[in-house]
Amino acid sequence: MSEAAPSLHAPLRFRRGPAMPNRMALAPLTNLQSHDDGTISDDEFAWLAKRAAGGFGMVMTCAASTHALGKGFPRQLGIHDDAHLPGLERLAAALRQAGALSSVQLQHSGGRAPRDLVSGAPVGAMDDPQRGVRALSTGEVEQAIEDFILAGLRAERAGFDGVEVHGAHGYLLCQFLDTRNARTDRYGGSAENRSRMILEVIAGLRARASPDFQIGVRLSPERYGVDLGEIRALAARLLREGQLDYLDISCWDSFKQPEDSAWHGRALMDWFTDLERHGTRLGIAGKLTTGRNARECLAHGADFVLIGRGAILHHDFVRRVEHDADFASAALPISRAHLAAEGLGRDFINYMATWPGFVDEEAA
């Protein structure tokens, strides 16, 4: 590891708002344990509050829907209605009291929304007759942008330090970034047009939120129809323009070679950690389950890391790494009892049991 790499336990200042007390954030994790109307449940509250108490420098919610048509999962957290505010206010206060930065991830599933969860046909960037997806009109795209902005302002009203705009994993904003997006309006065709929706969400949030409200964006560097070169160029622009406080690159596997052979020769994250920051912070997510590989991300140039599986298995992953620099998460499969002790509710545990090899159903 480079001597210049910061410690995982060093504070991290952002362009706006409070500092993160360390370089380890809770990744935004689907957990299927809120209520069907999008209000937060006691199980989801407990899961997140326990991670804040366990030392994570930033605690981010799962993807929270910005519109009822954007719901992508059963029992998904919502932020598209003022009815969601009381639970969100309770959560924001608890995270602050525990000393963590707080963030809501803003998400619309677009064409990935299951038909049985939304009232009407799913909507996306493009028509998909096979899946029954209808392309948004230009006016509807403009309204979807407004919905993201209103959701972000709702998070601010609830007391969160910031929001992360979910532009990754094939959801609505990522669907517009897809190279197959051949819309003929200003939101399709060229790379500039395909990035316009996410840029307008960012600009609208920055213009209407308070000056110290933190805004981040999550991008997928590959898969989902996106081109690595285009995403790298978009990332460079977002880092340069100063509207964001941080950029979160979701690699799935931070150290892997890119899927596109034209970009082989460097780890996937390295195509982003070498970009000039201009004061914007860069986070890396993807298979970071040990203190060692989290440190290696900082050595590669990341400013902070987002921990997923390690946080599921250990609410106090950060504390454990602080006491043992090479701490490694528990081996899989893991018992339901272990997950329950770590603050996962029944629905979250059942969801993890759908991941091959994650839950040991025979363990006591």
Side-chain angles (χ1 to χ4, degrees), residues 1-6 8 12 14-15 23-25 27-28 58 60 105 164-171 173-181 190-199 202 215-290 292-309:
M1 185 175 70
S2 168
E3 291 183 3
L8 285 169
L12 179 65
F14 295 94
R15 182 179 275 110
R23 306 299 178 104
M24 287 173 277
M58 178 191 292
M60 192 179 297
Q105 190 187 59
E164 177 177 87
V165 177
H166 198 340
H169 300 176
Y171 297 122
L173 297 177
C174 189
Q175 289 161 27
F176 277 83
L177 295 173
D178 191 325
T179 58
R180 297 164 293 188
N181 170 11
S190 68
E192 177 73 16
N193 282 354
R194 287 184 280 109
S195 64
R196 190 179 307 278
M197 186 179 185
I198 196 168
L199 293 171
I202 296 165
I215 301 173
V217 163
R218 170 164 272 205
L219 293 177
S220 289
E222 58 185 12
R223 303 170 62 188
Y224 312 106
V226 304
D227 175 77
L228 176 54
E230 285 188 2
I231 297 300
R232 176 175 156 87
L234 176 59
R237 176 177 181 174
L238 294 175
L239 293 169
R240 180 177 67 249
E241 290 187 344
Q243 300 264 49
L244 295 183
D245 296 284
Y246 62 90
L247 181 62
D248 163 13
I249 301 297
S250 181
C251 296
W252 291 108
D253 182 343
S254 305
F255 300 97
K256 70 182 284 289
Q257 291 282 310
E259 292 184 1
D260 186 342
S261 60
W263 296 86
H264 281 186
R266 303 169 71 185
L268 181 58
M269 67 172 162
D270 289 346
W271 292 106
F272 298 88
T273 57
D274 69 341
L275 296 172
E276 290 292 330
R277 306 292 157 78
H278 306 280
T280 305
R281 302 302 191 177
L282 181 72
I284 295 292
K287 288 193 176 179
L288 304 179
T289 59
T290 71
R292 180 181 296 275
N293 57 32
R295 288 199 312 277
E296 287 173 355
C297 280
L298 299 195
H300 279 247
D303 294 305
F304 68 102
V305 294
L306 296 102
I307 307 295
R309 193 179 85 183

Of all heavy-atom pairs between A299 and A5, which one has the smallest distance, and what is that distance?
CA-CB, 3.8 Å

Identify the two heavy atoms, one from L238 and one from T280, that lie closest to each other, and give their separation to 0.1 Å.
O-OG1, 4.2 Å

With R23 via salt bridge (charged side-chain N to carboxylate O under 4.0 Å, His left out) - residues at least two apart:
none

Could you tell me if the side chain of L199 sits less than 4.5 Å from the side chain of R237, heavy atoms only?
yes

A285 to R218 - nearest heavy-atom pair and separation:
CB-NH2, 3.5 Å

Taking side chain as C-beta onward, heavy atoms only, is Y224 less than 4.5 Å from L177?
no

Heavy-atom neighbours of R292 CZ exceed 12 at 6.0 Å
no

For a 4.5 angstrom cut-off between non-hydrogen side-chain atoms, does I249 reach M269?
no

Looking at residues at least two apart in the chain, or sitting in another chain, which of them share a side-chain contact (heavy atoms from CB on, under 4.5 Å) with D270?
R266, A267, T273, H300

Partners of S190 by side-chain contact (heavy atoms from CB on, under 4.5 Å), sequence neighbours excluded?
E192, N193

Nearest heavy-atom contact between Q175 and G170 is NE2-O, 2.8 Å

Among residues at least two apart in sequence or on other chains, which ones pass side-chain hydrogen bond (donor to acceptor under 3.5 Å, both in side chains) with Q257?
none

Report the relative orientation of the aromatic rings in W271 and W263; use parallel for angles under 30°, tilted for 30 to 60°, perpendicular for over 60°.
perpendicular

Applying salt bridge (charged side-chain N to carboxylate O under 4.0 Å, His left out) to R309 and not counting sequence neighbours gives none

Measure the shortest side-chain to side-chain distance between E164 and M58 over non-hydrogen atoms and say whether it is less than 4.5 angstrom.
no

I'd like to check the side-chain hydrogen bond (donor to acceptor under 3.5 Å, both in side chains) partners of S254; sequence neighbours left out, ordered by chain and number.
none

Taking the side chain as C-beta and beyond, is there a heavy-atom pair between R277 and L282 under 4.5 Å?
yes

Hey, which of L173, I198, L234 is the one that makes side chain to side chain contact (heavy atoms under 4.5 Å, CB included) with V217?
I198

Please report the interatomic distance CE(M24) to CG(L306), rounded to the nearest 0.5 Å.
11.5 Å

Contacts of type side-chain contact (heavy atoms from CB on, under 4.5 Å), residue Q243, not counting sequence neighbours
I202, A203, R206

For E259, what residues pass the side-chain hydrogen bond (donor to acceptor under 3.5 Å, both in side chains) criterion, not counting sequence neighbours?
none

Keeping the roles fixed (side chain from H264, backbone from P258), state whether a donor-acceptor pair exists under 3.5 Å.
yes

Compare all side-chain heavy atoms of L298 with those of I284 and state whether any distance is below 4.5 angstrom.
no

List the residues meeting ring pair (Phe, Tyr, Trp, His ring centres under 6.0 Å) with Y246, not counting sequence neighbours, and say none if there are none.
F14, F304

Find out whether L247 and L275 are in side-chain contact, i.e. whether some heavy atom of one side chain is under 4.5 Å from a heavy atom of the other.
no

Quick one: list whatever passes salt bridge (charged side-chain N to carboxylate O under 4.0 Å, His left out) with R281, sequence neighbours left out.
D303

Minimum heavy-atom separation for Q105 and P28, please, with both atom names.
NE2-CG, 3.3 Å

Please give me the minimum heavy-atom distance between A168 and C174, naming the atom from each residue.
O-CB, 3.7 Å

Is any side-chain heavy atom of R15 less than 4.5 Å from a side-chain heavy atom of L244?
no

Go through the structure and list residues passing salt bridge (charged side-chain N to carboxylate O under 4.0 Å, His left out) with K287, not counting sequence neighbours.
none

Output all residues satisfying side-chain contact (heavy atoms from CB on, under 4.5 Å) with N293, sequence neighbours left out; order by chain, then residue number.
F255, L288, T289, T290, E296

Which is it for F272 and L239 under the side chain to side chain contact (heavy atoms under 4.5 Å, CB included) test, yes or no, and what are the steps along the way?
CA-CA 10 Å; F272 298 88; L239 293 169; over 6 Å; no

Rounded distance (nearest 0.5 Å) linking atom CG of D260 with atom CZ of R223:
14.5 Å

